[in-house]
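Each remark here refers to the structure printed beneath this line.
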Amino acid sequence: MSRYSAAEIEAKWQEAWDRAGIFRATHTDDKPKYYVLEMFPYPSGRIHMGHVRNYTMGDVIARYKMATGHNVLHPMGWDAFGMPAENAAMAIGGHPKTWTYDNIADMRGQMKPLGLSIDWSREFATCDPEYYGQQQALFLDFLEKGLVYRKNAVVNWDPVDMTVLANEQVIDGKGWRSGAEVERRELTQWFFKISDFSEELLEALDGLDNWPAKVRLMQENWIGKSRGIEIPFHRTDGGDPVVCYSTRPDTMRGASFIAISPEHPLSRELAENNADLAAFIAETRKMDTTEAAMEKAEKKGLDTGITVKHPVWPEVELPVWVGNFVLMDYGTGAVFGCPAHDQRDLDFARKYGLDVRNAFYMPGDETEVENDALVPVKSEKVTYIDHFADIGEVTSQEGIDATIDWFEAKDLGTGQVKYRLRDWGLSRQRYWGCPIPVVHCDDCGVVPEKKENLPVELPDDVTFDIPGNPLDRHPTWRDCSCPKCGKPAKRETDTMDTFVDSSWYFARFTAPRAETPTEMAEAKYWMNVDQYIGGIEHAILHLLYSRFFARAMHITGHLPSTAIEPFDALFTQGMVTHEIYQTRDGNGRPVYHLPEDVTDGKLVDGTEVEIIPSAKMSKSKKNVVDPVNIISAYGADTARWFVLSDSPPERDVEWTASGAEAAFKHLSRVWNLCDRIGAMDAGTKGEGDEDLLREMHKTIRDVTLGVESFGFNAAIARLYAFTNVLSKSKAGHAAQKQAIMTLAQLMSPMTPHLSEDIWAHQGGEGLIVNAPWPQADEAMLVDQSITLPIQINGKRRAEIAVPPDMDEAEVEKTALATDAVVKALDGAQPKKVIVVPGRIVNVVI
RNA sequence: GCGGGCGUGAUGGAAUGGUAGACAUAUCAGACUUAAAAUCUGAAGGCCGAAUGGCCGUGUGGGUUCGAGUCCCACCGCCCGCACCA
């Protein structure tokens, strides 16, 4: 008897697939195409279990689709620009380019043993000049269509990475990568006009039926549509009115002050002749250097001395304050305060002694409140009658809309739809990114580089000994001639946000060597991505940007109109987690230990470790298992099998040594079964052939369903169960052989190497990867006898064995004849008998 | 604060409104072995019982239904996303 040797068979079959060029995708019309894509990795240098899980899921889909007659595209590339390469260059010397390409080579080497069905001929890295040159071409086309523009803006500045961050990249006031508190700076930057697409990006979410509802909802919230109204408040001194934005004009009656942003033009204007105000504005600016501080900062304000008239009751005058809490870049930078119905406004009003006025009265509340009366705040949600608009009850968005209409009808304001989504700032003051292909000319201003001069390549001779952007201080790289007038000019030294790189790579895979960003015929054929798989952490940024890019690429003629939603189906998989093992050093600080150094809760020297519940694998906590070690210990099939088993794919899966061990044991068992069946005499007759084959067909049905619905864990459980049946089966050789070959096929998306080997051992024709997916025989799915539970008043009391086609009346008769029912009825008639064919009988007494 | 999700054995989890706990881990027992590992066989939600069996059981409390882990309402707990957004 031979032993299951993963190392041997995995290398062998990978070579066989390579030789046959099985995974190379070619454009043919004789089969339906299927494009499966996993979010491409950042080349950090090591693959981790998260990668293994992600790519294994994609591989299961890809291989299943191949077996079901699809022309599959399953590519892989590298999201290769970004800070870590520069950080490495700063920390250990060397060049980001060398570091990155070395890492790519390493990771490719670690990935290939997984036996993924990837078309490596399409591989590229975003830092290849062939790729980013096409990205520059896209940029120029976007520029021409007004999809990208330059403006002066207050931006998020990461003082550690020394670069600008998009709003989306600021999390809790900190840089998403560096974790440094983000400052606000005013700079001239490039922006994608994603905000023009707010409504479309929002509306189209409805069509993304095969996206997780959660992701759609997150995008919806991020786009943040709100309907409100802009209302001019006329100044008592005759100056330009102060226009406020509100989504709750129904609270207008409770308005008791106006607050404008320190960055509001009026604030700036007034500050010129008001030293106190100038000081206040300067102070808020200083205070507001970090977003985090802003969130916690006390609400502060300063009275400008200006007053405005209430739009509905002009006799009521409201003071205008400058408030540090008013954002200039949302709405109009000016709001009216309604302290009676807003906690923040109330805090502000109390602090500065401003009025608190009730805006509504409760139904049934007989006492009408005077305009300027101070009333207690009603905290409960109220159904209220609006005082100034004769529009009845205002309880919902419809009521608010009616209020807006009322204001518009009286010419007191203009209804406005606003979005939270801002334009996407893409300029980064970094070296290791795609250069923005424009030139600054003293005479012509900002001039796009000519397409024939693309790619604008990054210079290799740069150093990272001082912080900042090496392109800025490069002696010659900046020098160029103006594409327009030919005079000496300077290149832009900012590079693009790396999210740009990942916003269109899926399209590039359809024609990775094209001389243009895409080739329409290829894009039309392969797009959209039929199944996209990746982490939930990209629910907003990457996926929203990609959706914008697909639209922009359509407008610029790089994608067909059918591809503006690039991902037909999205699946967000959970993480791979592991327990954390820690001890304490002399000062009580935690010291972490690698799982491989811990046995039975103890270190080699016998020290007991503290076990902290499972968390995302992270190097700093040392709760990592290196896929390379797992593959060399057990083989890729074991790793693949285990990351798919146990937990539903969308949930986290905990890596445990015993689980990995169990996966390996199971594969060995299947291998041994194959051996056992191979050793049987071909003519051997046995017992229970039909039972085995029935079970086999049910397994085909269940596993097929499982694979199609991302129920990989359930599919695997079913395969375990069938293996158990097969190993105990006394069936004859022919039936057992059929069973093991089908088992191998059903396992092949998950354990392709083992499956190939079994197939070959059993004399299967060709490669299993080319074999069509087994079909469940309907006739074999029906048992000759089924067991029906009998309930009495909803509690299970007995069961009967009946033929599956027995009619309901007969089933009822049989059920009523069982001892338990006869006894319970005690001669009486049942009130009701419910027969659910094939499932259950319930006798109601 | 707003929005969303989830609560099932010791553990991961399974279950189109129809026998709750499939499958796996850990555990226990047995076989094989001088022994261990490996392998194989079996037990196992809780309580009562020698047993046939009975009662209870999917966070808590109600409801709908012949029948609820699943649907509805309220509450408790945990997780995630968003947020000086007017």
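First the proteins, then the strands, lettered A, B, ... as listed; each starts at 1.
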Between B/rC82 and B/rC75, how many Å separate the two C1' atoms, rounded to a whole number? 25 Å
Using atom C1' of each nucleotide, how far apart are B/rG67 and B/rA15 to the nearest Å? 16 Å
With sequence neighbours excluded, residues passing ring pair (Phe, Tyr, Trp, His ring centres under 6.0 Å) with A/Phe325: A/Phe348
Looking at the side chain of A/Ala717, which of B/rC23, B/rU25, B/rG81 is the nearest nucleotide? B/rC23
Check the angle between the aromatic planes of A/Tyr352 and A/Trp321 and answer parallel, tilted or perpendicular using the 30° and 60° thresholds. tilted
Got a donor-acceptor contact below 3.5 angstrom from the A/Arg796 side chain to the A/Pro789 backbone? no
Base, sugar-phosphate alone, or nothing: which one does A/Asn793 contact when heavy atoms must sit under 4.0 Å apart? nothing
Give A/Tyr245 one of three labels, base, sugar-phosphate or nothing, depending on what nucleic acid heavy atoms sit under 4.0 Å from its own. base
B/rC23 and B/rG17, which share atom name C1', separated by this distance in whole Å: 24 Å
Atom CD of A/Glu220 and atom C1' of B/rC2: how far apart are they, to the nearest Å? 13 Å
Over how many whole Å does the gap from A/Arg651 atom CZ to B/rC6 atom P extend? 9 Å
Paired runs of 3 or more consecutive Watson-Crick or G-U pairs involving RNA chain B, with both pairing distances under 3.5 Å, are B:1-7 with B:76-82, B:10-12 with B:23-25, B:27-31 with B:39-43, B:45-48 with B:53-56, B:59-63 with B:71-75
Is it true that A/Arg718 and A/Glu695 have a side-chain N and a carboxylate O under 4.0 angstrom from each other? yes
Expressed in whole Å, how much space separates the C1' atoms belonging to B/rA44 and B/rA22? 15 Å
Taking the minimum atom-to-atom distance to the side chain of A/Pro648, which one of B/rA22, B/rA14, B/rA86 wins? B/rA14
For atom C1', what is the distance between B/rU60 and B/rC6, given to the nearest Å? 16 Å
Compare side-chain N and O positions of A/Asn842 against OP1 and OP2 of B/rU65 and report whether any pair is under 4.0 Å apart. no
Phosphate oxygens OP1/OP2 of B/rA83: is one of them under 4.0 Å from a side-chain N or O of A/Arg420? yes
Mind checking if A/Val833 touches a base, just sugar-phosphate, or nothing, with heavy atoms under 4.0 Å? nothing
Taking any heavy-atom pair under 4.0 Å as a contact, classify A/Arg718: base, sugar-phosphate, or nothing. nothing
A/Asn724 has a side chain; which of B/rC85, B/rC23, B/rG3 sits nearest to it? B/rC23
Ignoring backbone atoms, test whether A/Arg797 places a side-chain nitrogen or oxygen under 4.0 Å from the OP1 or OP2 oxygen of B/rC55. yes
So, OP1 or OP2 of B/rA22: does either fall under 4.0 Å of a side-chain N or O from A/Tyr720? no
Nearest to side-chain heavy atoms of A/Pro789, which nucleotide of B/rA86, B/rU19, B/rG81: B/rU19
Test item: A/Gln219 side-chain N/O and A/Ala539 main-chain N/O as donor-acceptor pair under 3.5 Å: yes
Counting heavy atoms from C-beta on, name the nucleotide in B/rC84, B/rG81, B/rG13 closest to the side chain of A/Ser647. B/rG13
What class does the angle between the rings of A/His578 and A/Tyr581 fall in, given that below 30° is parallel, 30 to 60° is tilted and above 60° is perpendicular? perpendicular
Are OP1 or OP2 of B/rA83 and a side-chain N or O of A/Asn221 less than 4.0 angstrom apart? no
Separation of B/rG13 P from A/Leu719 CG (nearest whole Å): 20 Å
Rounded distance in Å - CZ (A/Arg701) to P (B/rU16): 12 Å
Roughly how many Å is it from CG in A/Leu705 to P in B/rA22, rounded to a whole number? 20 Å
Nearest to the side chain of A/Glu799, heavy atoms from C-beta on, is which of B/rC23, B/rG12, B/rU19? B/rU19
Of the candidate nucleotides B/rA22, B/rU25, B/rU16, which contains the atom at the shortest distance from the side chain of A/Arg839? B/rU16
Name the nucleic acid region contacted by A/Ser645, choosing base, sugar-phosphate or nothing; use a 4.0 angstrom heavy-atom cut-off, strictly under. nothing
B/rC85 OP1/OP2 closer than 4.0 Å to side-chain N/O of A/Arg227: no
Quick one: classify the glycosidic conformation of B/rG9 as syn or anti, with syn meaning within 90° of 0. syn
C1' atom, B/rC73 versus B/rC47: distance in rounded Å? 32 Å
With a cut-off of less than 4.0 Å, is there a side-chain N or O of A/Lys418 near OP1 or OP2 of B/rC85? no
Is A/Arg669 close enough to B/rC40 that one of its side-chain N or O atoms is under 4.0 Å from OP1 or OP2 there? yes
5′-ward residue of the pair A/Gly333/A/Ile840 relative to RNA chain B: A/Ile840
Length of the line joining A/Lys832:NZ and B/rG67:P, which is rounded to integer Å: 9 Å
In whole angstroms, how far is the P atom of B/rA37 from the CZ atom of A/Phe664? 18 Å
Give the rounded distance in Å between these two atoms: NE2 of A/His264 and C1' of B/rC84. 17 Å
Any base atoms under 4.0 Å from A/Val844, or only sugar-phosphate, or nothing? Heavy atoms, all strands. sugar-phosphate
Reckon A/Asp345 touches a base, only the sugar-phosphate, or nothing at all at heavy-atom distances under 4.0 Å? nothing
Ring centroid separation for A/Phe664 and A/Trp641, is it under 6.0 angstrom? no
NA contact type, A/Gln791, heavy-atom cut-off 4.0 Å: base, sugar-phosphate, or nothing? base
Could you check whether A/Ile834 gets within reach of a base, just the sugar-phosphate, or nothing at all, counting any heavy atom under 4.0 Å? base
Should the ring pair A/Phe499 and A/Tyr545 be called parallel, tilted or perpendicular, given that the plane angle runs from 0 to 90° and is split at 30 and 60? perpendicular
Return no unless some side-chain N or O of A/Lys214 is found under 4.0 Å from OP1 or OP2 of B/rG4. no
When you measure from the side chain of A/Ser267 to the backbone N and O of A/Ser261, does any donor-acceptor pair fall under 3.5 Å? yes
C1' atoms of B/rU27 and B/rU11, separation to the nearest Å: 11 Å
5'-most contact on RNA chain B: A/Ile716 or A/Lys728, nearest heavy atom basis? A/Ile716
Taking only the P atom of each, what is the distance from B/rA37 to B/rA31 in whole angstrom? 14 Å
Who pairs with A/Arg53 by salt bridge (charged side-chain N to carboxylate O under 4.0 Å, His left out), at least two apart in sequence or on another chain? none
Verify the contact: side-chain N or O of A/Lys795 to OP1 or OP2 of B/rC56, cut-off strictly under 4.0 Å; return yes or no. yes
Can we call the ring centroids of A/Tyr720 and A/Phe722 under 6.0 Å apart? no
Note, A/Ser618 side chain near A/Asn623 side chain (heavy atom, < 4.5 Å): yes
Mind checking if A/Ala662 touches a base, just sugar-phosphate, or nothing, with heavy atoms under 4.0 Å? sugar-phosphate
Contact class for A/Lys665 (heavy atom, under 4.0 Å): base, sugar-phosphate, or nothing? sugar-phosphate
